[in-house]
There are 2 protein chains.
Amino acid sequence: MTGDARLSWQAVQEIVRQRIRQRIWKPGDQIPHEADLAQELGCARATVNRALRGLADAGLLERRRKAGTRVALNPIRRAEFSIPLIREEIENRGERFDFRILTREMRPPPPDIQARLQIGEDAPILYLQTLYMANHMPYVFETRWVNTRAVPAAQEARFDTMSPNEWLVREVAFDGGDFALSAISASTQEAFILGCSAGAGLLALDRTTRNGRQMITSVRLVFHAGYRLHTRA
Amino acid sequence: MTGDARLSWQAVQEIVRQRIRQRIWKPGDQIPHEADLAQELGCARATVNRALRGLADAGLLERRRKAGTRVALNPIRRAEFSIPLIREEIENRGERFDFRILTREMRPPPPDIQARLQIGEDAPILYLQTLYMANHMPYVFETRWVNTRAVPAAQEARFDTMSPNEWLVREVAFDGGDFALSAISASTQEAFILGCSAGAGLLALDRTTRNGRQMITSVRLVFHAGYRLHTRA
DNA sequence: CTCATCATTATGTACATACTTATACGGATT
DNA sequence: AATCCGTATAAGTATGTACATAATGATGAG
């Protein structure tokens with residue numbers, strides 16, 4: 001802030017944020033259009049565009065061609081939860097990361113997994129159960145199906161030093177996927193593995209990952225009791 | 001696709017996506033820099049920049065000045081869950097939205113809420129318990145503390161046609177907040193209200209909303225058993 | 001050999017300009 | 001009054017240019 005220079009798009013964003021915060025522009029209100037704002041603030045329309053687009057992405061504004069830009073009626077509806085990279089999450093806290101493969105076999109997948117992986121028959125595919133630990137305490141319990149039709153190399157892979165997740169990340173390109181968060185009641189097996197009482201509420205994250213049209217793997221992560229996924233907006 | 005025209009930034013994105021998918025550019029690899037790509041594809045650097053910036057936002061690429069752009073080692077770590085707007089979510093499914101205020105009183109908040117709302121003393125503030133219903137079935141149970149020091153009008157508000165959430169959205173500007181997702185075991189009260197068995201695993205969403213530095217409200221939403229929050233990336 | 005310095009380089013930002021696209025609105029037609 | 005349609009408008013996109021900033025790697029002084 002040497003005193004002047006032309007406004008950066010971040011500066012424009014901050015100005016708009018303030019006006020919204022101070023209710024100069026109220027929810028539902030139209031705000032001046034790009035050209036006017038650019039002139040008022042003494043910068044290029046492109047700069048205003050960049051700023052407003054950002055705010056729209058963040059959900060603070062709603063924009064439609066010709067209709068103009070208005071302050072979103074419901075400001076905070078999006079929140080980006082970053083899916084934890086288990087190893088990183090644990091090591092960042094200075095704790096010791098560790099994992100143990102509990103099950104590894106070829107097994108015909110149940111119908112819901114067949115559907116998710118979009119494989120028709122019930123020929124066996126790779127099934128893995130892995131327990132991830134922080135300081136030797138159970139952290140998250142992973143149940144994974146790998147579409148060995150799409151990733152045949154997974155059958156030979158050894159998961160002694162590299163976790164199944166890390167192996168897959170290295171070996172196949174991911175492209176997108178589906179996520180679902182839900183709460184489950186710990187089964188006796190889950191309770192035993194995670195060291196909690198049966199029936200405890202546990203956070204479960206289901207993820208199916210694809211590469212183009214190929215479905216690669218479907219995972220359920222069941223976190224230890226008390227786990228929280230948080231973010232700020 | 002009339003056959004030509006110069007590439008749009010979306011087209012550039014798609015090309016890059018494909019190259020990553022086909023492992024022409026593997027995780028960790030450097031990709032050509034903007035100027036080269038622009039020349040190769042026959043478009044402006046700004047266009048390439050827009051495309052690559054988007055992919056970096058999405059977590060598919062990692063960019064650093066001078067160091068260049070490389071394919072992210074771990075592609076999918078971010079996932080944006082959109083926080084449901086209860087009314088919308090229910091009505092979009094063609095179901096009947098309804099809510100009932102179960103508790104409404106001034107009450108001194110417990111320490112954790114005091115901390116979250118950043119209010120020092122334990123003078124009473126507004127406490128609300130609301131049940132939201134879809135087709136008259138319990139959908140989500142909301143426990144809310146409103147910082148009446150910041151929003152005095154809330155004390156007089158009537159929540160007969162407008163839910164507390166909708167009222168707040170209309171009356172005060174939000175700016176940001178903290179979110180946390182966790183799983184809980186239904187207490188007997190929660191089980192009774194939501195019509196599930198005590199101890200059932202339920203998804204809980206805690207949210208504290210602020211306007212600038214003022215903390216406005218702190219809410220816990222406890223969803224009905226079986227609720228899933230999902231998204232695709 | 002170590003550390004500071006500086007040129008180099010790739011991304012990042014700002015701008016003027018021009019053109020494209022979606023769509024709200026008003027006027028014409030039924 | 002309802003429907004259709006053209007047009008003006010505001011956002012969206014593309015480009016060339018210029019300069020800013022950060023990080024790397026080489027150079028030179030101590």
Side-chain angles (χ1 to χ4, degrees), chain A residues 1-17 19-20 25-73 75 78, chain B residues 1-17 19-20 24-73 75:
Chain A
M1 310 294 179
T2 39
D4 63 335
R6 280 215 261 4
L7 289 174
S8 67
W9 64 267
Q10 286 98 330
V12 174
Q13 272 202 349
E14 199 37 52
I15 290 170
V16 175
R17 280 205 138 90
R19 293 192 184 172
I20 293 173
W25 296 333
K26 299 202 227 0
D29 281 5
Q30 271 223 357
I31 75 172
H33 53 253
E34 293 186 346
D36 286 359
L37 260 180
Q39 189 171 26
E40 182 204 328
L41 302 175
C43 63
R45 183 166 82 89
T47 308
V48 175
N49 181 290
R50 179 84 162 82
L52 297 189
R53 195 188 343 123
L55 292 173
D57 285 348
L60 221 65
L61 296 177
E62 278 168 12
R63 324 191 71 196
R64 261 168 46 231
R65 288 180 168 167
K66 161 80 183 178
T69 303
R70 45 186 62 238
V71 180
L73 275 172
R78 257 165 284 186
Chain B
M1 308 292 179
T2 38
D4 64 333
R6 274 216 261 8
L7 288 175
S8 67
W9 63 267
Q10 287 98 329
V12 174
Q13 272 202 349
E14 199 37 52
I15 290 171
V16 174
R17 281 205 139 89
R19 293 194 183 171
I20 293 174
I24 296 170
W25 296 333
K26 299 202 224 7
D29 281 5
Q30 271 222 355
I31 74 172
H33 53 252
E34 294 186 347
D36 286 0
L37 260 180
Q39 188 170 26
E40 182 203 330
L41 302 175
C43 63
R45 183 168 81 90
T47 307
V48 175
N49 181 291
R50 179 83 163 83
L52 297 189
R53 198 189 337 124
L55 291 173
D57 285 348
L60 221 65
L61 295 177
E62 278 167 13
R63 325 191 70 196
R64 260 168 50 230
R65 288 183 163 156
K66 163 76 184 179
T69 302
R70 45 186 61 238
V71 180
L73 275 172

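Just so it is clear: chains get the letters A, B, ... in the order the sequence lines come, proteins before strands, and each one is counted from 1.
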Please table the atom pairs, donor to acceptor, closer than 3.5 Å between any side-chain atom in residues 50-58 of chain A and protein atoms at least two apart or in another chain.
none

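- Residue A:Leu52 contributes atom CG, which lies 12 Å from atom C1' of D:dA10 at whole-angstrom precision.
- Within the helix from C:dC1-D:dG30 to C:dT30-D:dA1, the inter-axis angle between the opening and closing five-pair segments is 10°, rounded to 10°.
- Listed by chain and residue number, A:Arg17, A:Gln18, A:Arg21 satisfy the side-chain contact (heavy atoms from CB on, under 4.5 Å) test with A:Glu14 (two or more places apart in sequence, or in another chain).
- Listed by first then second residue, pairs satisfying salt bridge (charged side-chain N to carboxylate O under 4.0 Å, His left out) with a partner in residues 34-45 of chain B read B:Arg19-B:Glu40, B:Glu34-B:Arg45, B:Glu34-B:Arg63, not counting sequence neighbours.
- In this structure, B:Leu60 and B:Val16 have side chains that are not in contact, with every pair of non-hydrogen atoms separated by 4.5 Å or more.
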Distances under 3.5 Å between nitrogen or oxygen atoms of protein and nucleotides 8-10 of chain C:
unit_1	atom_1	unit_2	atom_2	d
C:dT9	O4'	B:Lys66	NZ	3.4
C:dA10	O5'	B:His33	ND1	3.4

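- In this structure, B:Leu61 and B:Val71 approach most closely via the heavy-atom pair CD2-CA, 3.9 Å.
- For the pair A:Asn49 CG and D:dT9 P, the computed distance is 19 Å after rounding to whole Å.
- Summarising the geometry of B:Cys43 relative to B:Val48, their closest heavy-atom pair is SG-CG2, 3.8 Å, with the distance given to 0.1 Å.
- Around the CD atom of B:Gln39, the shell of radius 6.0 Å holds no more than 12 heavy atoms that belong to other residues, nucleotides or ligands.
- Following rounding to the nearest Å, B:Ile31 (CD1) and C:dT11 (C1') show an atom-to-atom distance of 12 Å.
- In terms of heavy-atom proximity, B:Ala72 sits nearest to B:Gly59 at CB-O, 3.3 Å.
- In this structure, B:Leu73 CG and B:Lys26 NZ are separated by 13.0 Å, a value rounded to the nearest 0.5 Å.
- The distance between atom CG of A:Leu61 and atom P of D:dA10, rounded to the nearest whole Å, is 17 Å.
- Side-chain contact check for A:Val12 versus A:Leu37: every heavy-atom pair is 4.5 Å or farther apart.
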Name the pairs: protein N/O against N/O of nucleotides 14-17 of chain C, kept only if under 3.5 Å.
unit_1	atom_1	unit_2	atom_2	d
C:dA14	OP1	A:Ser8	N	3.4
C:dA14	OP1	A:Trp9	N	3.1
C:dA14	OP2	A:Trp9	N	3.0
C:dC15	OP1	A:Arg6	NE	3.2
C:dC15	OP2	A:Ala44	N	3.1
C:dC15	OP2	A:Thr47	OG1	2.4

